[in-house]
2 protein chains.
Amino acid sequence: MKNRLKVLRAEQNWTQEELAQRVGVSRQAINAIETEKYDPSLPLAIKLGKLFGKPVEEMFALDENTDHG
Amino acid sequence: MKNRLKVLRAEQNWTQEELAQRVGVSRQAINAIETEKYDPSLPLAIKLGKLFGKPVEEMFALDENTDHG
DNA sequence: CCTAAATGTCAAGTATACTTTACATAAAGA
DNA sequence: TCTTTATGTAAAGTATACTTGACATTTAGG
């Protein structure tokens, strides 16, 4: 998965900590998602979509390649 | 989370097994999601959205209540 | 009624998405 | 330079999302 989280957060001038609090996860979780260590859960992705006013699939996109998530 | 998976699948006259194969998971996973035992991962939710031609947040909705996913 | 297909569910194992704590580094300002 | 803030990362633990295999129940058709 690719994601536009870092950019969207920067547009709002929010720190990772600030964003984390807004969606109810830890700062490290936000960092891990931005640096693509793992994908957010679906509920978290939906919360982020609501917060940034973007559809989920606009923020998070599957990799082109065949199999791997 | 609530989801409209069972209805959408029925509209296409697909079995759980058929749907599972199309999105690359086990039949039991589809069943567990339809019966709301757990939420799909984000990549799976996006695949399902593509397959049914629906935005993710139209297929899967956060619970009204405060905290729990 | 009998059978087969579809669905529901359980158990046990693995992978992924988190948590907290901790520490290293880079940038910005006094 | 010293300190503060933001970020990156790691380890260890827990919760959740899957897997396969098995079996019970429901549904549809003969």
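Lettering follows sequence order; numbering is per chain, from 1. Predicted model only: the values in this text are computed from it and were never measured.
Distance CD (A/Glu18) to C1' (D/dT7): 14 Å, rounded to an integer number of Å. Going from atom CG of A/Asp39 over to atom P of C/dA15 covers 17 Å, rounded to whole Å. Rounded to a whole Å, the CD1 atom of B/Ile33 is 14 Å from the P atom of C/dT7. Between the CD atom of A/Glu17 and the P atom of C/dT20 there is a distance of 11 Å, rounded to whole Å. When the C1' atom of C/dC18 is taken as reference, atom CG of A/Leu19 falls 15 Å away, rounded to whole Å. The interatomic distance linking B/Asn13 (CG) with C/dA6 (P) rounds to 11 Å, in whole Å. As a whole-Å value, the separation of B/Leu44 CG from D/dA17 P is 11 Å. Following rounding to the nearest Å, B/Tyr38 (OH) and C/dG8 (P) show an atom-to-atom distance of 13 Å.
Listed pair B/Arg9 / C/dT7 meets the phosphate criterion, a side-chain N or O lying under 4.0 Å from OP1 or OP2. When the side-chain nitrogen and oxygen atoms of B/Ser41 are compared with OP1 and OP2 of D/dC18, one or more of them lie within a distance under 4.0 Å. Proximity of A/Ser26 to the phosphate of C/dT19: a side-chain N or O atom is located under 4.0 Å from OP1 or OP2. Within the 4.0 Å cut-off from OP1 or OP2 of C/dG8, at least one side-chain nitrogen or oxygen of B/Asn31 is found. Phosphate contact (OP1/OP2 of D/dT9, side-chain N/O of A/Lys37, threshold under 4.0 Å): present. Residue B/Lys6 places at least one side-chain N or O closer than 4.0 Å to OP1 or OP2 of C/dG8.
Formation of a donor-acceptor pair under 3.5 Å by the A/Asn3 side chain with backbone atoms of A/Ile33 is found in this model.
Of the candidate nucleotides D/dA22, D/dT19, C/dA17, D/dA22 has the atom nearest to the side chain of B/Arg27. Of the candidates D/dT9, D/dT7, C/dC18, the closest approach to any side-chain atom of A/Thr35 belongs to D/dT9. Set against C/dT7, D/dG8, D/dC18, the side chain of A/Gln16 has D/dG8 as its closest nucleotide.
Of the candidates A/Arg27, A/Gln21, A/Lys6, A/Arg27 is the only one forming a side chain to side chain contact (heavy atoms under 4.5 Å, CB included) with A/Gln16.
A heavy-atom distance below 4.5 Å is found between the side chains of B/Glu36 and B/Lys2. Side-chain contact between A/Val7 and A/Glu11 is present, with at least one heavy-atom pair separated by less than 4.5 Å. Side-chain contact between A/Glu18 and A/Gln12: absent, with no pair of heavy atoms (C-beta onward) separated by less than 4.5 Å.
A donor-acceptor contact under 3.5 Å links the side chain of B/Gln28 to the base of D/dG21.
Both B/Leu42 and B/Ala32 lie close to DNA chain C; mapped to their nearest nucleotides by heavy-atom distance, the more 5′-ward contact belongs to B/Ala32.
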